[in-house]
Protein chains: 2
Amino acid sequence: METLNAAELLAALGHESRLAIFRLLVEAGPEGINASAIGEQLGMAPATLSFHLAHLSRVGLITGERESRFIHYSANYGTMDDLIAFLTHNCCQGNACLPQTACCDTTEKRRAKAGKKA
Amino acid sequence: METLNAAELLAALGHESRLAIFRLLVEAGPEGINASAIGEQLGMAPATLSFHLAHLSRVGLITGERESRFIHYSANYGTMDDLIAFLTHNCCQGNACLPQTACCDTTEKRRAKAGKKA
DNA sequence: TACATGATTCGATAATACTTGAATCATGGA
DNA sequence: TCCATGATTCAAGTATTATCGAATCATGTA
């Protein structure tokens, strides 16, 4: 991943509303949830929500699939994966990801609880 | 870490120039490098650079310490650590941090090469 | 076709962020 | 003190982003 691309992803998540949307979609799982449900939960106007959904889609963090009248949005774990990989490997060179702290001490735990699939 | 705070950190890194600055400081190590050196390497006007350095400082991603006429800036690994922890645990629930991909498959490698300290 | 509903796009406005020359501050040396 | 240098702050302009009502598009149903 290039710096520019990483910056785009970071900027996309660097907004309270969009970060909230993304977290909601992660919680929602692979099936995703539709736009109006997101709007209800986060108290966002439809137009504003669409704006942010479009932004997140454009950078590849989420995907929307129409199902009848609804469009189900879901998180793209792969993109997030790439971003975290970039941050830990290319950006931080492992400095921010040492065992006792961020992401590696609970690998087993997460691996277990992620039985739901990668 | 709260969502708002995480969004602030992400937004801070969500700009090509600031991400480049941060990466440069990570490379530079704990001693850090001074502002004009950063400006030279990245081809940034002094005022612009100060603006971005102030932003990164404000959110806690870097720290500046004056040493004679120079101010040495260095990366705060701890803050980055917190951010990555937030992204993997609170935001992604481990989904984006599974063994085969982002950050955990090379723990040993990084731990080894990080002899320089956590 | 007519209508209801989910969602997006348009358009206008407001707010925020970015850039940079010039001025200023801080430090050390002559 | 005066000057040079590293760095920041100020001020003004430019550009980008965010918000949201209204209009439009898309789909399913009667």
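Owing to the predicted nature of the structure, the values given are computational and were not obtained by experimental measurement. Values below: every heavy atom of this structure, side chains too, minus hydrogens, waters and symmetry copies. Here is how names work: the chains are called A, B, and so on, in the same order as the sequence lines, proteins then strands, and each is numbered from 1.
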- Note on the structure: Atom CZ of B:R69 and atom C1' of C:dG29 are separated, to the nearest Å, by 7 Å
- Listed nucleotide nearest any side-chain atom of A:R18, set D:dA18, D:dG28, C:dT27: D:dA18
- Short question: side chain of A:R66, backbone of A:S68 - any donor-acceptor pair under 3.5 Å? yes
- Heavy-atom closest contact (A:G29 atom, A:S74 atom, distance): O-CB, 4.2 Å
- Query: To the nearest angstrom, how far is B:I21 atom CD1 from D:dA7 atom P?
  - Reply: 13 Å
- According to the interplanar angle, ranging from 0 to 90°, do the rings of A:F51 and A:H55 count as parallel (below 30°), tilted (30 to 60°) or perpendicular (above 60°)? perpendicular
- Answer whether the closest heavy-atom distance between the side chains of A:R18 and A:L13 falls below 4.5 Å. no
- Just how far, in rounded Å, is P of C:dT20 from CG of B:L42? 13 Å
- Just how far, in rounded Å, is P of C:dT8 from CG of A:N34? 10 Å
- Query: Looking at the side chain of A:R66, which of D:dT27, D:dG6, C:dA7 is the nearest nucleotide?
  - Reply: D:dT27
- Query: Among D:dG28, C:dT8, D:dA7, which is the nearest nucleotide to the side chain of A:I71?
  - Reply: C:dT8
- Distance, rounded to the nearest Å, where A:E65 contributes CD and C:dA7 contributes P: 14 Å
- Spacing between A:Y73 atom OH and C:dG6 atom P, to the nearest angstrom: 15 Å
- Message: Within the 4.0 Å heavy-atom criterion, would you say A:F70 contacts the bases, only the backbone, or no part of the nucleic acid?
- Response: sugar-phosphate
- Could you tell me the separation between the CG atom of B:L53 and the P atom of C:dC18, rounded to a whole number of Å? 13 Å
- Name the residue closer to the 5' end of DNA chain D, choosing between A:P46 and A:H55 according to the nucleotide with the nearest heavy atom. A:H55
- Side-chain N or O of B:H52 less than 4.0 angstrom from OP1 or OP2 on C:dT19? yes
- Query: Between C:dT19 atom P and B:F51 atom CZ, what is the distance in whole Å?
  - Reply: 7 Å
- Note on the structure: Out of D:dT27, C:dT9, C:dG21, minimum distance to the side chain of A:A47 belongs to C:dT9
- A:T48 side chain: which of C:dA7, D:dA7, D:dT19 is closest? D:dT19
- Query: With sugar-phosphate meaning primed atoms plus P, OP1 and OP2, does A:A35 contact a base, only sugar-phosphate, or nothing at under 4.0 Å between heavy atoms?
  - Reply: sugar-phosphate
- Item | 5′-ward residue of the pair B:H72/A:A11 relative to DNA chain D | B:H72
- Please answer whether the main-chain N or O of B:G60 pairs with a side-chain N or O of B:R58 as donor and acceptor at a distance below 3.5 Å. no
- Please determine if a side-chain N or O atom of A:S36 lies less than 4.0 Å away from the OP1 or OP2 oxygen of C:dA7. yes
- Query: Out of C:dT19, C:dT8, D:dT9, which nucleotide sits closest to the side chain of B:S50?
  - Reply: D:dT9
